[in-house]
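Written below as structure tokens is the structure these notes are about.
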Amino acid sequence: MASVKPLTNNKKLIGWVNKCAKLCKPDRILWLDGSEEEKKKLEREAFRTGELTRLNQKKLPGCVLHRTAINDVARTENLTFICTSKKEDAGPTNNWMEPAKAYRKAGAIFKNSMKGRTMYVIPFSMGPVGSPFSKIGVELTDSIYVCLNMRIMTRIGREVLEALEENRDFTKCLHGKADRDINRRLIMHFPEDNAIWSVGSGYGGNVLLGKKCLALRIASHMGYKEGWMAEHMLILGVEEPNGHVEYIAAAFPSACGKTNLAMLIPPEGLVRKGYKIWTVGDDIAWMRIDTDGKLWAINPENGFFGVAPGTNSKSNPNAMKTIEKNTIFTNVLMKPDKTVWWEDGDEPPPPRGIDWKGNPWKPGMQDENGKPIYGAHPNSRFTAPAKQCPSISFRLDDHHGVNISAIIFGGRRAQLAPLVYEAFDWQHGVFVGATMASERTAAQYGKQGEVRRDPMAMLPFCGYNMGNYFRHWLKMGAKMKKPPKIFHVNWFRKDEDGNFLWPGFGENLRIIDWILRRCNGSIEAAETPIGYIPDKKDVDLTGLKLKPRTLDKLLKVDCGDWQAEADSISEFFGKFGKSLPREIKRELNSLKKRLAKCRRKK
Ligand code: OXD
Ligand code: MN
């Protein structure tokens with residue numbers, strides 16, 4: 001095995017790399033320094049093997065295309081495990097495996113799997129290099145696609161190794177494509193060892209180990225132990241007409257428009273008033289309490305791994321500008337001129353192209369069951385540097401992060417949940433987050449459209465017992481001098497004919513504006529059994545044609561429907577047994593009482 005000289009003297013790191021190499025038996029080991037020349041070399045090699053295709057460099061400078069295996073297009077939650085010594089530490093919502101067994105099972109797949117391949121060593125930092133709130137990881141992988149994605153999504157290379165002094169801990173991330181057989185695919189997390197083993201997949205969420213695996217599953221466990229929070233949240237700055245910027249953090253389940261919200265363009269009426277938006281992050285927030293007793297957040301990532309279908313100049317003009325260059329496209333359609341296309345993008349379907357599976361494609365094609373054949377996979381993605389986003393906040397590189405004024409939970413619910421409501425207080429807000437539910441999307445395997453409960457949008461990402469996770473939220477609130485207010489939004493409510501009631505996208509700023517005015521105490525709100533809802537006059541609808549009756553429908557709280565919801569929450573909580581905090585049970589009982597009172601009044 002040829003090994004290029006390690007770029008570090010850190011013995012712990014060198015020892016671990018050698019141990020993994022002994023298991024996987026790569027032909028070569030290559031340490032990444034993060035340079036531009038290195039990037040070009042990796043790309044050349046990937047073009048040669050077909051791992052990547054170079055796109056039209058005149059129209060899409062620096063852009064490439066990758067196609068995953070056909071059975072490897074989304075996160076595989078059923079193959080994702082939290083491996084703790086005690087089963088109860090993983091809790092009722094995670095798949096659990098005993099660590100020794102997990103190392104054995106995954107080890108058998110890793111064994112000799114890199115023969116004939118190179119093992120790349122990627123030192124990376126989640127968060128600005130050198131920030132006391134950042135965490136360092138090292139990913140070993142046999143995939144150039146992973147190397148190039150990690151270059152965009154994290155900060156990688158020499159400066160990270162310099163920050164990793166001899167004894168500083170790092171997350172040990174081992175990834176191997178192996179044969180990408182779904183029966184030999186495992187995504188293992190070892191929070192007690194600060195380690196991740198992912199084998200048999202090439203799909204982003206499973207293999208860019210800094211993202212969901214480290215920055216959420218492992219980090220949530222670290223946060224629990226160390227007294228901070230790792231959340232599946234975007235971070236957005238709203239610049240108000242007086243120039244003051246307020247920051248919010250918002251959690252939505254995968255593929256519910258987090259990237260669109262993080263980059264929204266204010267509607268005309270609000271632009272005229274002087275509102276501006278600053279994007280800090282679109283997927284993950286690490287939050288901690290500072291000496292001022294307030295909650296501060298950083299985005300640990302450095303790029304966007306967004307869903308392509310549905311991204312267009314109306315839904316997200318900033319994303320469209322972000323991906324004009326230096327972008328990795330995954331599983332989209334390639335047009336004859338080597339540019340890209342996806343369903344519900346800016347352009348009509350091209351007369352022909354190569355679909356995400358690599359097959360010739362024409363509009364209107366159907367499979368043997370009469371179902372449309374998509375040009376781009378519904379979970380096809382773009383990976384683009386955050387700095388290319390026109391609305392990116394300079395705070396992205398701020399070691400200290402931003403102060404969070406409001407936390408928003410949201411889901412995709414055709415019925416039931418009003419456009420917005422505010423929790424009565426932090427504890428009630430934790431209950432609101434814990435009972436979040438949403439219709440399933442293409443980012444997860446499973447039946448699309450089915451409602452599933454997804455507490456804080458963390459169901460697939462909480463690296464420990466979710467009962468303790470709720471407890472941790474309650475504790476964090478109690479420690480803060482002025483905790484952010486907590487809200488719930490639903491942009492997806494439909495009328496009797498199945499039409500969306502709210503226009504969404506940039507117009508969502510109208511609701512965020514209401515939220516911020518509630519935070520600064522300048523307006524009152526109406527109390528309902530589920531929380532406070534806006535007085536209609538306080539939602540700024542300047543320039544938006546929305547019938548007053550539509551706003552009534554959007555804000556309606558039907559106590560009967562909510563009683564059914566409360567029963568379904570009771571059933572969901574049943575699976576937590578004793579680990580469910582008393583305070584959360586109490587919140588459910590109080591909700592039931594308020595709903596019963598409301599029914600009696602009618
Ligand atoms: C994502 C996801 O890719 O949540 O962000 O699935
Ligand atoms: Mn996500």
Side-chain angles (χ1 to χ4, degrees), residues 233-250 257-282 285 294-299 304 312-322 386-398 400-408 410 419-420 422 482 484-487 489 491 502-525 532-546 548 550-551 554-555:
M233 289 182 177
L234 64 91
I235 309 170
L236 175 71
V238 181
E239 185 172 327
E240 297 173 335
N242 62 8
H244 182 74
V245 185
E246 294 281 346
Y247 294 90
I248 58 161
K258 279 220 313 287
T259 305
N260 294 349
L261 183 61
M263 297 180 188
L264 74 76
I265 304 269
E268 208 31 58
L270 296 193
V271 171
R272 248 181 280 125
K273 283 190 168 174
Y275 281 88
K276 268 197 211 133
I277 288 297
W278 299 106
T279 308
V280 183
D282 79 326
K294 293 186 185 162
L295 194 63
W296 289 76
I298 63 162
N299 167 16
F304 306 118
N312 56 52
S313 299
K314 178 168 179 279
S315 65
N316 196 337
N318 278 329
M320 293 305 283
K321 292 209 178 77
T322 307
K387 299 265 164 42
Q388 290 182 187
C389 177
S391 59
I392 198 70
S393 163
F394 75 96
R395 300 271 181 207
L396 176 70
D397 283 330
D398 197 329
H400 200 256
V402 296
N403 173 217
I404 299 296
S405 304
I407 289 178
I408 302 177
L419 179 58
V420 61
E422 178 190 329
K482 188 173 179 267
K485 277 182 179 281
I486 299 182
F487 299 81
V489 299
W491 316 131
W502 178 248
F505 305 114
E507 308 297 343
N508 294 337
L509 183 58
R510 299 176 189 280
I511 302 306
I512 294 173
D513 168 56
W514 178 81
I515 286 174
L516 290 176
R517 281 186 292 140
R518 282 295 292 163
C519 291
N520 68 24
S522 62
I523 49 171
E524 297 294 315
Y532 299 112
I533 60 166
D535 195 326
K536 278 193 293 176
K537 70 171 181 357
D538 291 325
V539 181
D540 187 337
L541 297 177
T542 324
L544 177 67
K545 287 195 194 86
L546 194 83
T550 307
L551 197 52
L554 277 160
L555 293 174

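Note that this is a predicted model, so its numbers are computed, not measured.
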How many angstroms lie between atom CD1 of I515 and atom CD1 of I408, to the nearest 0.5 angstrom? 3.5 Å
With a 4.5 Å heavy-atom cut-off, do L551 and L541 have their side chains touching? yes
Nearest non-hydrogen partners of N299 and I235, listed with the distance: N-CD1, 3.8 Å
Would you give the length of the straight line joining atom CG of L295 to atom CD1 of I404, rounded to the nearest 0.5 angstrom? 6.5 Å
Measure the shortest side-chain to side-chain distance between P241 and Y275 over non-hydrogen atoms and say whether it is less than 4.5 angstrom. yes
Here the pair of heavy atoms bringing A525 nearest to I533 is CB-O, 3.5 Å
How close do C519 and K485 get, counting heavy atoms only, and between which atoms? CA-CD, 4.0 Å
Ignoring hydrogens and angles, tell me if any N or O in the side chain of R510 forms a donor-acceptor pair with the backbone of L270 under 3.5 Å. no
Which heavy-atom pair separates N520 from S522 by the least distance, and what is that distance? OD1-OG, 2.8 Å
Looking at side-chain heavy atoms only, is the closest gap between K537 and I523 below 4.5 Å? no
Got V420 and V539 here, is their nearest side-chain heavy-atom distance under 4.5 Å? no
Just do the side chain to side chain contact (heavy atoms under 4.5 Å, CB included) check on D535 and E524 with the steps written out, would you? CA-CA 8 Å; D535 195 326; E524 297 294 315; over 6 Å; no
Got N260 and N508 here, is their nearest side-chain heavy-atom distance under 4.5 Å? no
Please round to the nearest 0.5 Å and tell me the distance separating atom OG1 of T550 and atom NZ of K545. 13.5 Å
Find the distance between CG (L554) and CD1 (I511) and round it off to the nearest 0.5 Å. 8.0 Å
I392 side chain reached by F304 side chain, heavy atoms, under 4.5 Å: yes
I want to check something: taking the side chain as every heavy atom from C-beta on, are L419 and W491 in contact at a cut-off of under 4.5 Å? yes
Salt bridge (charged side-chain N to carboxylate O under 4.0 Å, His left out) filter on K273, not counting sequence neighbours, yields D540
The test is side chain to side chain contact (heavy atoms under 4.5 Å, CB included); show your working for V245 and V402 and say whether it passes. CA-CA 10 Å; V245 185; V402 296; over 6 Å; no
My understanding is that only residues two or more places apart in sequence, or in another chain, count here; which of them pass side chain to side chain contact (heavy atoms under 4.5 Å, CB included) with N318? M263, I265, N316, C389, P390, S391
For S313 and P317 the tightest heavy-atom approach is O-CG, 3.2 Å
To the nearest 0.5 angstrom, please state how far the CD atom of E246 sits from the CG atom of D513. 11.5 Å
Any side-chain donor paired with an acceptor under 3.5 Å for W502 and E507? no
Specify the closest pair of heavy atoms between L261 and A250, including all atoms of both residues, with the distance to one decimal. CD2-CB, 4.5 Å
Report yes if some heavy atom in the side chain of P267 is under 4.5 Å from a heavy atom in the side chain of L544; otherwise report no. no
Please assess L516 against I248 for the test side chain to side chain contact (heavy atoms under 4.5 Å, CB included), listing each intermediate value before the final yes or no. CA-CA 9 Å; L516 290 176; I248 58 161; 4.0 Å; yes
Is the charged tip of R518 near the ring of F487: under 6.0 Å from the six-membered ring centre and within 45° of its axis? no
Working to the nearest 0.5 angstrom, can you tell me the gap between I298 CD1 and D397 CG? 10.5 Å
Exam field: side chain S393 to backbone V280, donor-acceptor pair closer than 3.5 Å: no
